[in-house]
Amino acid sequence: MTNKDYAALDGSWVGDNRNAFQVGDVGFLIRLTPRRGRSRVELRLHPARITETMEDILYGDIDGPTYVEAFGMGKVVEVAPNGRGKVESISGDELEDALHRLGYPELID
């Protein structure tokens with residue numbers, strides 16, 4: 001794992017017209033960068049997973065046809081009229097609570 005700034009995605013807008021985020025929603029913050037095309041940030045209900053080992057990760061990078069960066073977890077702090085959510089990273093007790101609620105307590109350090 002690198003010394004990446006895991007709060008780097010704070011203030012990012014996630015989702016599209018298929019999402020209906022609400023303020024307070026939490027999820028795993030992931031940035032996907034295809035070999036061709038534009039990267040995008042997603043807030044998912046499941047963590048990034050290393051294909052070879054099937055290991056779920058909270059932080060780190062996964063190389064492949066689409067480069068995956070796991071930035072921990074975030075929460076929606078604002079919702080645009082089109083349903084996109086503005087996110088901020090979470091940590092400490094709030095992170096542990098979110099991991100338990102989503103069924104991934106094993107990812108707590």
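The structure displayed is predicted, hence computed values, not measured ones.
Looking at heavy atoms from C-beta onward, Val77 lies out of side-chain contact with Val87 at the 4.5 angstrom threshold. For the pair Lys86/Phe21, no side-chain contact is recorded, criterion being any heavy-atom separation below 4.5 Å from C-beta on. For the pair Pro105/Leu99, no side-chain contact is recorded, criterion being any heavy-atom separation below 4.5 Å from C-beta on. Side-chain contact between Arg31 and Leu9: present, with at least one pair of heavy atoms (C-beta onward) separated by less than 4.5 Å.
If you run side chain to side chain contact (heavy atoms under 4.5 Å, CB included) between Glu69 and each of Leu32, Ile30, Thr33, only Thr33 comes through.
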Kindly indicate, with the supporting measurements, whether the criterion side-chain contact (heavy atoms from CB on, under 4.5 Å) is fulfilled by Ile62 and Ile57. CA-CA 10 Å; Ile62 304 168; Ile57 62 169; 3.7 Å; yes
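With ring centers used as reference points, Phe28 lies 6.0 Å or more from Phe71.
Although no hydrogens or angles enter the test, the distance criterion places no donor-acceptor pair under 3.5 Å between the side chain of Asp56 and the main chain of Pro47.
Here Arg40 contributes atom CZ and Ser12 contributes atom OG; the two are 14.0 Å apart, rounded to the nearest 0.5 Å. Note that CE of Met73 is 4.5 Å distant from CG of Leu102, once rounded to the nearest 0.5 Å.
Glu94 pairs by the salt bridge (charged side-chain N to carboxylate O under 4.0 Å, His left out) definition with Lys75, not counting sequence neighbours. Remark: Arg101 engages Asp97 in a salt bridge (charged side-chain N to carboxylate O under 4.0 Å, His left out) (not counting sequence neighbours).
Shown here is Glu106, whose CD atom has more than 12 heavy atoms of other residues, nucleotides or ligands within 6.0 Å.
Grouping the Ile, Leu, Val, Met, Phe, Trp and Tyr side chains by contacts below 4.5 angstrom, directly or via other members, places Val14 with Val23. In terms of hydrophobic clustering, with Ile, Leu, Val, Met, Phe, Trp and Tyr side chains grouped at heavy-atom distances under 4.5 Å, Leu107 and Val68 are assigned to a common cluster. Ile50 and Met54 are not part of a single hydrophobic cluster, where members link through side-chain heavy atoms under 4.5 Å apart.
Closest approach of Ile90 to Ala98, counting heavy atoms only: CD1-CB, 3.8 Å. Across all non-hydrogen atoms, the minimal contact from Leu95 to Tyr59 is CD2-OH, 3.8 Å.
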